[in-house]
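No experiment lies behind these values; they were computed from the predicted model shown. Sequential numbering from 1 along the given sequence is applied to the chain's residues.
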Amino acid sequence: MSDIVFIIGFNYDSNCYLINDKILVDTGAGQNKDYLFSKLEENGVKPDDIELIVNTHCHFDHIGGNHFFPNAKIAVHKLDAISIRNKDTLGTSLSAFENEDNSRVDIELDDGDKIEDFEVIHTPGHTSGGICLFDGENLISGDTIFAGGGVGRMDIGGDYLDMKNSVKKLMELDVKNIYPGHGPIVERNGNEHIRMSYSVL
């Protein structure tokens with residue numbers, strides 16, 4: 001299993017997850033560089049050590065800090081890559097493009113792609129190109145599902161039926177731990193929280 005470090009979101013930031021000291025899942029809103037860097041350094045990681053940024057979707061609070069890591073490759077699902085490259089302020093829910101590097105996408109992800117021990121699972125609903133990452137035990141869920149049975153909002157580039165189908169897809173997995181885009185993580189009983197999320201749809 002991969003080593004996952006939970007970096008709780010500060011202010012408008014999403015949660016971020018450090019994987020194996022070289023991959024960062026989401027980068028927050030880009031307003032709290034010192035905070036994010038301090039959390040990396042607490043774990044013995046320098047910003048230049050980050051080789052890959054994986055964005056779970058294209059919203060500003062998840063991609064806004066991408067420009068903090070100019071040497072890292074940026075990976076996002078191919079559908080959300082369109083909004084990022086087009087600097088689509090509606091599709092990203094607010095402007096994250098005051099820094100040009102936030103419109104960069106180096107790797108277009110698709111369902112079934114592999115990142116270290118994780119498989120990319122396309123989970124549209126919150127956005128058309130939302131993804132989760134699953135390694136057989138741990139689910140990094142972006143804004144698809146949250147602890148306690150929550151799901152991501154569907155009124156900014158989302159779709160209700162897509163969300164329902166995506167959460168149903170997640171119910172087929174054997175998930176122990178959930179690492180969501182916002183709020184607390186779930187340890188040990190992830191499947192129960194996925195079922196609760198489905199029940200609200």
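Looking only at atom types and distance, the side chain of N20 has no donor-acceptor partner in the side chain of D3 under 3.5 Å away. Side chains of N66 and N102: no donor on one and acceptor on the other come within 3.5 Å. With hydrogens and angles left out, the side-chain atoms of T123 and T144 include a donor and acceptor closer than 3.5 Å. No hydrogens or angles considered: nothing links the side chains of D26 and S14 as a donor-acceptor pair under 3.5 Å. With 3.5 Å as the limit, one finds no donor-acceptor pair spanning the side chains of N43 and D21.
The shortest side-chain heavy-atom distance between L52 and I115 falls under the 4.5 Å cut-off.
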Practice task
Go through the steps to decide whether Y17 and F118 satisfy the test ring pair (Phe, Tyr, Trp, His ring centres under 6.0 Å), and finish with yes or no.
Solution key: CA-CA 13 Å; Y17 298 100; F118 288 88; 9.8 Å; no

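Taken together through direct or relayed side-chain contacts under 4.5 Å among Ile, Leu, Val, Met, Phe, Trp and Tyr, I140 and I74 form part of one hydrophobic cluster.
Between D174 and F134, the closest heavy-atom pair is O-CZ, 3.5 Å. Here the shortest heavy-atom pairing between T127 and C58 reads CG2-SG, 4.3 Å.
Residues satisfying the side chain to side chain contact (heavy atoms under 4.5 Å, CB included) criterion with Y12, sequence neighbours excluded, are A29, Q31.
A salt bridge links D155 to R153: at least one charged side-chain nitrogen sits closer than 4.0 Å to a carboxylate oxygen. K39 and E42 are joined by a salt bridge, as a carboxylate oxygen and a charged side-chain nitrogen come within less than 4.0 angstrom of each other.
Below 30°, between 30° and 60°, or above 60°: for H57 and H62 the angle between ring planes is between 30° and 60°, a tilted geometry.
Under the side-chain hydrogen bond (donor to acceptor under 3.5 Å, both in side chains) rule, E108 has a single partner from K78, H77, R85, which is R85.
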